[in-house]
Amino acid sequence: MTILAFDLGASSGRALLGRLNNGKIEVEELHRFANDPVQVGDRLQWDILRLLHELKQGLLKVKHREIKLDSIAIDSWAVDFGLIGSHGELLGNPYHYRDHHTDGVMEEVVSELTATGIFEKTGIQFLPFNTIYQLAALKKTDSPLLRDAKHFLMIPDLLRYFLTGEMYNEFSNATTTQLYNPVTGSWDEELIRAIGISPDLFGKVVQPGAKVGSLRASLCEELSIESVPVYAAAEHDTGSAVAAVPALDRSFAYLSCGTWSLMGTEVDAPVINEQAQQLNFTNEGGVYGTYRLLKNIMGLWILQECRRSWERAGISYSFPELVKLADETAPFAAFIDPDDPLFLHPGDMPARITEYCLRTGQTAPSDAGAIVRCILESLALKYRHVLELTEQLSGQSFSGLHMVGGGIQNTLLCKWTANAIGKPVWAGPVEGSAIGNMIVQWIASGQLADIWEARKVIRESFPVDVYEPDQKEAWEQAYVLFKDKTGIA
């Protein structure tokens with residue numbers, strides 16, 4: 001049985017073939033492509049039709065290899081969306097979550113509806129780019145997109161619609177909007193109306209594993225391919241990544257590490273209480289009745305944006321070169337809070353790190369190695385802080401941390417994370433979100449019994465690198481200094 005997972009991240013996408021062979025998962029990368037947003041005037045938008053083109057290229061490569069597919073599923077980043085008009089066509093390119101059109105909108109909405117009122121209905125972390133604030137921003141400017149819209153589809157919903165002609169909203173991604181009520185198990189119509197949006201835009205919510213159509217006839221004719229069933233995965237890529245955590249213990253902590261870092265634990269029911277709200281944790285939908293109690297951390301975006309800034313200045317570094325420079329630089333010279341709003345939007349990130357350090361009374365890092373070391377050490381120490389909060393909020397004590405995702409290829413970050421938390425880090429698999437996408441397809445088709453059998457198969461199919469902590473005293477002192485310089489309580 002051969003299946004196809006389209007796994008789209010905020011900087012790149014890939015099409016991967018999955019095969020289940022003698023109790024082992026085999027993954028083959030078939031197609032990889034860049035996912036670069038496009039600045040048009042003052043707006044930062046996703047090039048959604050280019051992404052559709054790349055999905056088609058993946059399907060063509062399947063055809064050229066004469067591979068018979070049994071099913072397909074898509075996962076991507078969260079919160080962003082497209083709006084469909086009355087004739088079934090997309091109304092404009094989806095805005096990028098880092099676009100400035102939401103600046104100040106969260107504060108306005110929270111002022112009117114109250115943080116407690118919103119959190120009690122949704123259990124979702126307050127982030128300025130959440131879907132609720134993107135929609136409120138469109139309403140505030142009387143956007144023609146909203147006036148003409150008939151259907152709301154998040155990014156994987158939208159791409160799936162392009163492929164199948166069927167419109168569904170998938171559960172794990174719907175929960176990230178801050179418009180879905182996990183207690184009632186449906187869109188919160190009262191909250192939607194409160195921001196001036198019609199609840200009629202929001203469609204049926206389906207669970208991961210649901211069959212949501214087949215490749216539409218026009219697409220099959222265009223590409224000269226056979227139709228294939230399409231399933232809903234956990235379409236938020238973090239939901240798929242957590243599904244692929246090769247945990248053997250049902251109590252585990254995870255870090256999905258990439259452009260964003262998402263750290264938390266899997267729970268059977270959302271944790272919606274005053275403490276969760278105060279700590280600004282989120283309760284995102286997972287697979288098979290679970291929720292992901294977690295916190296978003298800015299992640300390797302800061303490093304990626306530094307690299308782009310240096311490239312614009314004519315200085316080209318590979319990521320391995322940057323990691324090597326960081327390893328050769330003196331430790332604990334400066335710290336940043338990765339989640340400071342200064343680091344949210346695209347721009348000259350090295351200059352912003354300098355600005356942050358000067359603002360907090362520190363000597364700014366002076367070269368690329370020192371900047372990268374500052375970023376990676378600060379991330380590792382922020383991970384410790386969030387892990388401690390996760391234990392506090394969940395009432396659990398974790399023996400170590402599972403790290404999954406492309407960020408684990410940065411072995412220095414894995415090593416420093418183990419040092420920072422003072423516990424082992426188990427790193428793997430790299431393609432966590434794509435593998436999580438695949439196992440949902442196999443469970444839906446009856447090839448795997450449930451998520452725990454799937455996690456056991458993942459554990460036996462992919463290597464897990466173990467990082468044991470060392471330099472405990474130095475990292476303890478660094479943590480105290482990190483909290484002091486960043487003001488993290």
Side-chain angles (χ1 to χ4, degrees), residues 2-18 27-38 45-78 80-82 84 88-90 92-94 96 151 153-170 172-173 206 208 210-237 239-241 259 406 431 433-438 440-441 444:
T2 303
I3 60 176
L4 184 64
F6 287 117
D7 175 37
L8 308 180
S11 57
S12 67
R14 57 210 66 82
L16 299 106
L17 293 173
V27 175
E28 177 187 355
E29 184 178 297
L30 192 67
H31 182 53
R32 181 175 285 263
F33 49 92
N35 180 19
D36 298 312
V38 180
Q45 300 173 330
W46 293 109
D47 195 351
I48 195 71
L49 298 184
R50 166 55 57 176
L51 294 180
L52 173 61
H53 171 79
E54 298 294 355
L55 299 194
K56 290 180 180 180
Q57 299 314 298
L59 292 170
L60 284 172
K61 289 184 178 181
V62 171
K63 181 184 80 168
H64 296 155
R65 291 271 303 276
E66 298 183 348
I67 296 167
K68 183 185 183 302
L69 285 181
D70 291 281
S71 64
I72 298 170
I74 304 171
D75 66 85
S76 86
W77 66 97
D80 291 338
F81 58 90
I84 304 295
E89 294 186 6
L90 177 65
N93 284 317
H96 192 294
H151 303 281
L153 296 174
M154 303 192 77
I155 296 298
D157 299 329
L158 179 59
L159 291 169
R160 183 164 28 77
Y161 166 62
F162 289 155
L163 295 182
T164 67
E166 303 286 344
M167 294 190 209
Y168 296 97
N169 295 121
E170 184 274 329
S172 71
N173 234 351
V206 298
K211 184 180 177 184
V212 285
S214 299
L215 296 182
R216 62 164 83 193
S218 60
L219 178 70
C220 293
E221 181 179 355
E222 175 194 350
L223 303 181
S224 297
I225 60 175
E226 298 291 325
S227 187
V228 179
V230 178
Y231 287 96
E235 291 189 344
H236 182 197
D237 53 8
S240 280
T259 299
E431 296 287 4
S433 51
I435 293 165
N437 176 319
M438 291 174 184
V440 168
Q441 294 185 62

How long is the gap from [atom1] on [X] to [atom2] on [Y], to the nearest 0.5 Å?
X: Leu59; Y: Ile67; atom1: CG; atom2: CD1; result: 11.5 Å
X: Thr2; Y: Leu17; atom1: OG1; atom2: CG; result: 7.0 Å
X: Lys211; Y: Ser71; atom1: NZ; atom2: OG; result: 10.0 Å
X: Ile74; Y: Leu158; atom1: CD1; atom2: CG; result: 9.5 Å
X: Leu55; Y: Leu60; atom1: CG; atom2: CG; result: 11.0 Å
X: Leu49; Y: Phe162; atom1: CG; atom2: CZ; result: 6.0 Å

- [ ] Begin with the C-alpha distance, continue with both residues' side-chain angles, and end with the deciding distance and a verdict on side chain to side chain contact (heavy atoms under 4.5 Å, CB included) for Ile48 and Ile155.
- [x] CA-CA 8 Å; Ile48 195 71; Ile155 296 298; 4.2 Å; yes

Task: Exercise: do Ser240 and Asn437 side chains pair donor with acceptor under 3.5 Å - done: no

How about [X] and [Y]: do any of their side-chain heavy atoms sit closer than 4.5 Å?
X: Thr164; Y: Val212; value: no
X: Phe6; Y: Leu159; value: no
X: Leu90; Y: Tyr161; value: no
X: Trp77; Y: Thr259; value: no
X: Glu431; Y: Met438; value: no

Task: Taking every non-hydrogen atom, the tightest pair across Glu170 and Pro208 - done: OE2-CG, 3.4 Å

- [ ] Write down the atom of Arg32, the atom of Ser12, and the distance for their closest heavy-atom approach.
- [x] NH1-OG, 4.0 Å

TODO: Sequence neighbours left out, what passes side chain to side chain contact (heavy atoms under 4.5 Å, CB included) with His151? Give chain and number order.
DONE: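 Side chain to side chain contact (heavy atoms under 4.5 Å, CB included) check on His151 returns Ile84, Met167.
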
Open item on the list: Which residues pass the side chain to side chain contact (heavy atoms under 4.5 Å, CB included) test with Arg50, not counting sequence neighbours?
Closed with: Asp47, His53, Glu54

Between the side chain of [X] and the main-chain N/O of [Y], is any donor-acceptor distance below 3.5 Å?
X: Arg14; Y: Leu30; answer: no
X: Asp70; Y: Ile3; answer: no
X: Asp237; Y: Asp7; answer: no

Task: Contacts of type ring-ring contact (aromatic ring centres under 6.0 Å, His included), residue Phe81, not counting sequence neighbours - done: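 Partners of Phe81 under the ring-ring contact (aromatic ring centres under 6.0 Å, His included) test: Phe152.
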
- [ ] Kindly write out the residues that satisfy ring-ring contact (aromatic ring centres under 6.0 Å, His included) with Phe33, not counting sequence neighbours, or none if the list is empty.
- [x] His31

Task: Candidate pair Asp157 and Tyr168, rule side chain to side chain contact (heavy atoms under 4.5 Å, CB included), full reasoning - done: CA-CA 6 Å; Asp157 299 329; Tyr168 296 97; 5.7 Å; no

Kindly list each side-chain donor-acceptor pair under 3.5 angstrom involving residues 217-226, sequence neighbours excluded, with atom names and distances?
residue: Glu222; atom: OE1; partner: Lys56; partner atom: NZ; Å: 3.1
residue: Glu222; atom: OE2; partner: Lys56; partner atom: NZ; Å: 3.0

Pairs of donor and acceptor atoms involving the side chains of residues 227-236, under 3.5 Å and at least two apart or interchain, shall be tabulated with distances.
residue: Ser227; atom: OG; partner: Leu215; partner atom: N; Å: 3.4
residue: Ser227; atom: OG; partner: Leu215; partner atom: O; Å: 2.9
residue: Glu235; atom: OE1; partner: Arg160; partner atom: NH2; Å: 2.8
residue: Glu235; atom: OE2; partner: Arg160; partner atom: NE; Å: 2.9
residue: Glu235; atom: OE2; partner: Arg160; partner atom: NH2; Å: 3.4
residue: His236; atom: ND1; partner: Glu284; partner atom: OE1; Å: 3.4
residue: His236; atom: NE2; partner: Thr238; partner atom: OG1; Å: 3.4

